[in-house]
Amino acid sequence: MVERFGYISYLSENVAFHLDFTNIFILTIAIVNAILGFTIYFKNRKSITNLSFFLTLMAVVFWGISVAFFRGFSDKETILLFYRLAFFFGGLISFVFYYFSLAFPYDYYNFNKTQKYLIPLPFLVLAFISLTPNILVIDVQKIPDTENILIFNQYANIIYILILSFYFVLAYYVLTKKYWQFQGNYKDQISRVIFSTSISVIIAFFTNLILPSFGIFNLNWFGAVAVIIMSVSIFLSIIKYHLFNVQIVATEIFVFVLWIFTFVQFLVADYTILKITNAFLFLVMLIAGLLLIRSVIKEVEQRRELTNLNILKNQFLSFASHQLKNPLAVIRGYAQLMLENKDNEDKLINFYKKITNKIDDLLNLIEIFVNYRKIEEKKLDFKFELVNVVDLVKEVSDGIKILAAEKNLDFSFKTSSEKIMVKVDPLKFTQVIQNILDNAIKYTRSGFVRIEIYTNDDTKEVIIKISDSGIGLDKNDKLKLFDQFYRSINVKNYIEGSGLGLYVAKYIIEAHNGKIWAESEGINKGSTFFISLPLS
Ligand code: ADP
């Protein structure tokens with residue numbers, strides 16, 4: 001190891017590596033990014049969002065290493081190799097980031113055919129021109145103590161920039177679209193991703209692609225440092241439903257800069273005493289920084305909790321004023337009609353039925369809201385019992401038959417066995433079935449509503465399938481059906497509902513270790529809801 005003018009150079013026989021401050025910076029950030037990537041990946045290996053973010057970060061890591069290496073090595077062939085790799089990994093970032101933008105923030109996502117087969121094609125071109133010698137990267141001029149001057153083919157460079165921009169533009173298009181679609185936590189997460197990645201992308205695009213196109217290479221390391229803003233920020237937004245909160249982000253950036261600064265101080269200290277002191281300082285900063293971030297997050301979370309309670313209160317007030325008011329007005333109307341028709345027995349019976357139906361609706365609605373409130377306050381308790389699930393479903397279905405008949409819907413109930421024993425909370429489970437059947441009737445104008453119960457002996461589950469020939473679901477509905485307050489735009493304005501039933505249903509079924517999902521061929525092609533529960 002040779003030290004001169006504050007630089008440290010590692011020399012072997014013919015390859016020398018120049019570890020200046022900038023390279024220490026870049027490599028430290030690469031290590032931090034790798035740690036963040038693996039943490040995210042191991043946190044939830046099944047999640048496509050986590051996997052695609054992990055891959056994006058790995059591309060960032062290898063890009064950073066390539067940048068440090070083309071800056072650090074002195075052998076020309078080695079430098080050229082790392083320039084080619086830097087171009088390749090830079091392009092890879094844009095490519096994987098596009099898939100991340102599609103998957104984020106879901107755990108599961110099905111890529112369509114275009115996304116699977118067509119969109120990767122330009123990347124193959126990019127990989128080819130980046131990696132093959134003498135296409136994009138032609139030659140390099142190494143000047144001591146300053147950045148290399150790269151000689152590259154302008155045309156290949158334009159193609160490269162176009163392909164890379166293509167993926168970034170697509171990714172931001174997808175993310176912005178999602179930003180407008182989502183609400184609440186997701187919206188926060190998406191805005192954080194858009195904000196932080198675009199800062200890093202714009203910086204890196206400018207310093208590593210635009211400036212070099214004009215022969216300016218002095219800042220070609222800056223992009224590899226700026227990516228830290230993106231990685232830390234996305235990391236935090238995936239790890240928790242992290243808030244896009246200026247106070248937290250500012251603290252995180254502040255602490256991070258402090259860490260890197262003290263760490264570099266430790267690395268470059270040349271006396272043992274100084275090294276030990278700096279190592280100690282770094283450790284103190286590490287702990288103090290973590291405590292600081294934690295306390296700021298806690299404070300902001302407490303504030304948010306108060307806001308959430310306030311929102312819940314407002315939701316209840318609006319629920320009481322809208323959802324309850326309408327059915328009560330209808331009931332009042334029928335009561336008036338009963339008075340006006342007190343001598344007509346048929347009409348009286350008819351109005352009486354209508355009133356009881358409306359009251360049942362109201363009771364269900366209140367039950368859903370009570371459960372919703374308990375879920376939000378984490379106070380929903382379950383009393384599990386071993387029961388015959390066929391009896392439970394039959395009971396609800398008998399009650400609902402009349403409603404189906406009133407709408408002239410063909411109603412059927414089928415079961416593969418008369419007795420299927422499952423451990424459930426009978427009251428809550430019945431509410432779920434009631435809600436799904438209510439929906440099936442509510443969202444079906446004509447045709448049928450069918451219930452089927454059967455067991456799957458391989459997976460040891462009972463499956464309750466409720467299908468209808470109603471208004472169906474589009475792609476967007478299928479993704480968000482079980483979110484709180486979600487209502488399809490097809491129904492929002494002319495069919496009453498709270499948008500809470502399926503959210504509560506999902507919570508209850510998952511508390512039973514079961515699953516609930518919906519399938520539909522599209523709008524006006526009917527829907528099928530499935531509930532599966534483990535057999536006892
Ligand atoms: P709501 O009170 O609005 O029915 P839910 O949570 O029960 O609330 O349902 C959420 C949304 O899912 C509904 O607003 C509707 O858009 C859609 N939906 C639920 N069930 C069906 C169904 N059987 N057919 C079509 N759309 C449905």
Side-chain angles (χ1 to χ4, degrees), residues 181-184 186 315-316 318-327 330 357-358 360-376 380 393 396-397 400-401 403-404 407 409-413 428-452 464-510 515-531:
Q181 270 172 8
F182 281 108
Q183 276 172 357
Y186 281 158
Q315 278 164 355
F316 181 76
S318 112
F319 166 77
S321 55
H322 293 107
Q323 309 274 346
L324 301 184
K325 206 171 143 195
N326 286 347
V330 175
N357 284 345
K358 273 284 162 207
D360 283 346
D361 281 354
L362 268 179
L363 288 175
N364 284 336
L365 203 63
I366 291 171
E367 200 55 52
I368 288 173
F369 202 85
V370 167
N371 284 340
Y372 167 69
R373 202 205 70 218
K374 285 187 183 160
I375 292 172
E376 290 303 286
L380 190 64
V393 179
V396 186
S397 119
I400 239 148
K401 235 188 230 166
L403 293 179
K407 277 184 92 171
L409 299 176
D410 179 24
F411 188 82
S412 68
F413 176 91
K428 299 211 172 54
F429 177 75
T430 314
Q431 280 160 15
V432 172
I433 300 293
Q434 174 85 39
N435 184 241
I436 306 234
L437 278 172
D438 276 343
N439 278 349
I441 290 176
K442 185 160 83 172
Y443 297 119
T444 304
R445 286 187 207 97
S446 61
F448 62 83
V449 170
R450 292 185 189 131
I451 309 174
E452 277 174 68
I464 299 141
K465 177 176 166 189
I466 296 170
S467 39
D468 63 55
S469 57
I471 60 166
L473 306 163
D474 66 17
K475 230 173 161 184
N476 195 35
D477 294 336
K478 273 191 251 176
L479 284 173
K480 292 193 267 174
L481 208 54
F482 297 97
D483 289 354
Q484 48 187 321
F485 297 111
Y486 179 75
R487 306 204 66 222
S488 165
I489 39 172
N490 302 325
V491 306
K492 243 180 197 165
N493 295 328
Y494 62 96
I495 305 179
E496 270 175 35
S498 64
L500 285 177
L502 289 179
Y503 173 76
V504 172
K506 185 170 159 68
Y507 186 92
I508 292 177
I509 294 301
E510 285 176 355
K515 277 185 284 211
I516 177 165
W517 69 99
E519 286 174 10
S520 167
E521 306 235 307
I523 293 296
N524 291 329
K525 293 190 174 151
S527 325
T528 305
F529 282 78
F530 294 89
I531 295 173

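Only heavy atoms go into these numbers, but all of them, side chains included; no hydrogens, no water, no symmetry mates. When a ligand or atom number is given, it counts from 1 through the structure's own listing order.
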Ser520 (side chain) donor-acceptor with Gly522 (main chain) under 3.5 angstrom: yes
Quick check for you: to the nearest 0.5 Å, what is the distance between Ile531 atom CD1 and Ile509 atom CD1? 4.5 Å
Could you check whether any side-chain N or O of Lys506 sits under 3.5 Å from a backbone N or O of Leu481, counting only pairs where one atom can act as donor and the other as acceptor? no
For Asn524, side chain to side chain donor-acceptor pair (under 3.5 Å) partners two or more places apart: none
Any donor-acceptor pair under 3.5 Å from Asn364 side chain to Asp361 backbone: no
Near ligand 1, which protein residues have a heavy atom under 4.0 Å away? Asn435, Asn439, Ala440, Lys442, Tyr443, Asp468, Ile471, Gly472, Leu473, Leu481, Tyr486, Arg487, Ser488, Val491, Gly497, Ser498, Gly499, Leu500, Gly501, Leu502, Ser527, Phe529
Within this structure, what is the CG-CZ distance for the pair Leu500 and Arg487, rounded to the nearest 0.5 Å? 10.0 Å
